[in-house]
Amino acid sequence: MNYTRVKIKSMKTASMGTLSFFEGGTDKLGFEIKRFYYIYGVSKDTKRGGHAHKRLRQLLFCPYGIIKIILDDGKEKRIEILDNPSEGLLLEAGIWRDMYWEVDDAVLCVAASEFYDENDYIRNYEEFLKWKGEDR
Ligand code: T46
């Protein structure tokens, strides 16, 4: 499946916690960041997602809490757990995703390759499979 689990650089600052960072640029993420968004205030057992993107590429990470992500490219499914602020998922286009909040108030942060465009979403699973079947 067309995604990778990536490390986010982190620096422990003794008793003052940890600082994590990544830098934009096509050489690092494979795309320029055009948008950044984050999802918070979500209760345990909430399910979000239920869609795929035609073009959008994204880096997802969870700086606080635990979020289970189920990825599906129409052929296979993978389960990924985001529970470490120093790791992320770099998702290419064409992957269906469902996100499950495993604890209250987990935060999902996303760096995205494109501005928001509802036309880039496929929100119907049958439509997704049909789109994947069209030589993708
Ligand atoms: C994704 C996962 C990981 C905007 O107006 N601008 C934005 O930048 C975004 C991301 C969303 N919206 C609107 C669209 C909907 O009316 O916010 C509403 C909630 O979005 P949605 O139901 O798509 O949220 P999630 O959590 O299911 O999915 C989001 C992203 O939309 C999606 O691209 O990959 O997070």
Side-chain angles (χ1 to χ4, degrees):
M1 198 177 307
N2 209 358
Y3 77 94
T4 43
R5 208 171 167 102
V6 295
K7 288 269 175 217
I8 298 173
K9 282 182 199 155
S10 297
M11 297 167 63
K12 281 211 185 327
T13 42
S15 59
M16 298 184 295
T18 303
L19 186 153
S20 291
F21 65 96
F22 60 88
E23 292 170 338
T26 47
D27 56 329
K28 298 193 173 70
L29 288 179
F31 58 83
E32 295 287 348
I33 299 168
K34 287 198 180 151
R35 178 166 54 108
F36 190 90
Y37 61 91
Y38 43 97
I39 300 168
Y40 60 96
V42 180
S43 304
K44 181 178 187 292
D45 295 331
T46 299
K47 177 190 175 199
R48 299 187 62 111
H51 58 254
H53 285 283
K54 297 177 195 163
R55 281 195 316 130
L56 188 71
R57 303 161 76 189
Q58 305 193 105
L59 174 68
L60 277 63
F61 60 98
C62 173
Y64 180 81
I66 309 170
I67 300 171
K68 179 169 77 182
I69 317 264
I70 302 193
L71 301 170
D72 177 348
D73 66 358
K75 291 191 179 127
E76 60 167 331
K77 290 188 186 193
R78 297 270 188 86
I79 299 177
E80 293 285 348
I81 305 289
L82 288 180
D83 61 354
N84 180 344
S86 300
E87 288 184 3
L89 292 178
L90 200 45
L91 300 188
E92 298 299 325
I95 300 176
W96 187 270
R97 79 279 323 260
D98 290 309
M99 299 100 71
Y100 296 87
W101 262 249
E102 300 288 296
V103 294
D104 282 337
D105 292 326
V107 177
L108 182 64
C109 293
V110 183
S113 66
E114 308 296 333
F115 299 122
Y116 174 70
D117 176 9
E118 187 58 36
N119 292 323
D120 188 65
Y121 286 74
I122 306 173
R123 293 188 184 270
N124 176 291
Y125 190 70
E126 295 309 314
E127 219 177 278
F128 167 67
L129 292 181
K130 186 163 173 280
W131 182 81
K132 290 295 281 188
E134 289 163 3
D135 206 23
R136 285 184 185 90

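Residue numbers count from 1 along this sequence. None of the values given here were measured: they were computed from a predicted structure.
Residues Leu82 and Ile66 fail the side-chain proximity criterion, which asks for heavy atoms closer than 4.5 Å. Using a 4.5 Å heavy-atom threshold, the side chains of Glu102 and Ile67 count as separate. Proximity of Lys47 to Trp101: side-chain heavy atoms (C-beta onward) are nowhere separated by under 4.5 Å. Annotation: side chain of Leu89 is not in contact with side chain of Val6 (no heavy-atom distance under 4.5 Å). Considering only heavy atoms from C-beta on, Ser10 stays 4.5 Å or farther from Pro85 through its side chain.
Here Thr18 contributes atom OG1 and Lys9 contributes atom NZ; the two are 16.0 Å apart, rounded to the nearest 0.5 Å. Atoms OH and CG, from Tyr40 and Asp105 in turn, are 11.0 Å apart once rounded to the nearest 0.5 Å. In this structure, CD1 in Ile39 is found 11.0 Å from OG1 in Thr46, a value given to the nearest 0.5 Å. Between the CD1 atom of Ile69 and the CD1 atom of Ile81 there is a distance of 8.5 Å, given to the nearest 0.5 Å.
The same ILVMFWY cluster, assembled from side-chain heavy atoms under 4.5 Å apart, contains both Met99 and Leu71. One hydrophobic cluster, built from ILVMFWY side chains closer than 4.5 Å, holds both Leu90 and Phe22. Criterion: ILVMFWY side-chain heavy atoms under 4.5 Å apart, direct or through other members. Under it, Ile8 and Ile33 are part of a common hydrophobic cluster. No path of Ile, Leu, Val, Met, Phe, Trp and Tyr side chains, each step under 4.5 Å between heavy atoms, connects Val107 with Val103, placing them in separate hydrophobic clusters. Linking Ile, Leu, Val, Met, Phe, Trp and Tyr whenever their side-chain heavy atoms come within less than 4.5 Å puts Leu91 and Tyr37 in one cluster.
Side-chain N/O atoms of Glu118 and Tyr116 include a donor and acceptor closer than 3.5 Å. Side-chain atoms of Tyr3 and Gln58 form no donor-acceptor pair, as typed in the model, at a separation below 3.5 Å.
Heavy atoms only, all atoms of each residue included: Phe61 and Glu87 are closest at CB-O, 3.6 Å. Ala112 approaches Leu56 most closely through the heavy-atom pair CB-CD1, 4.0 Å. Nearest heavy atoms, Gly94 versus Trp131: CA-CZ3, 3.7 Å. Across Ser86 and Ser20, no two heavy atoms sit closer than the pair OG-OG, 3.8 Å. Residue Asp72 comes nearest to Tyr125 through the heavy atom pair OD2-OH, 2.6 Å, listed as atom of the first residue, atom of the second, then distance. Closest non-hydrogen pair, Glu23 versus Leu29, comes out as O-CG, 4.2 Å.
Paired with Met1 under the rule side chain to side chain contact (heavy atoms under 4.5 Å, CB included), one option of Glu76, Glu92, Lys77 passes, and it is Glu76.
Panel note: side chain Arg57, backbone Gly30; a donor-acceptor pair is recorded below 3.5 Å. Side-chain atoms of Arg35 come within 3.5 Å of backbone atoms of Glu114 as a donor-acceptor pair (strictly under, hydrogens ignored). In terms of modelled atom types and a separation under 3.5 Å, the side chain of Arg97 and the main chain of Ile95 share a donor-acceptor contact. One N or O on the side chain of Asp104 and one on the backbone of Lys44 form a donor-acceptor pair closer than 3.5 Å.
A tilted orientation is assigned to the rings of Tyr38 and Phe36, their planes being inclined by 30° to 60°. Ring planes of Trp96 and Phe128: tilted class, angle from 30 to 60°.
A salt bridge is defined here as a Lys NZ or Arg NE, NH1 or NH2 lying under 4.0 Å from an Asp or Glu carboxylate O, and Glu134 with Lys130 meets this definition.
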Test side-chain contact (heavy atoms from CB on, under 4.5 Å) on Lys68 and Glu80 and set out the steps.
CA-CA 6 Å; Lys68 179 169 77 182; Glu80 293 285 348; over 6 Å; no

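Around the CZ atom of Arg55, the shell of radius 6.0 Å holds no more than 12 heavy atoms that belong to other residues, nucleotides or ligands.
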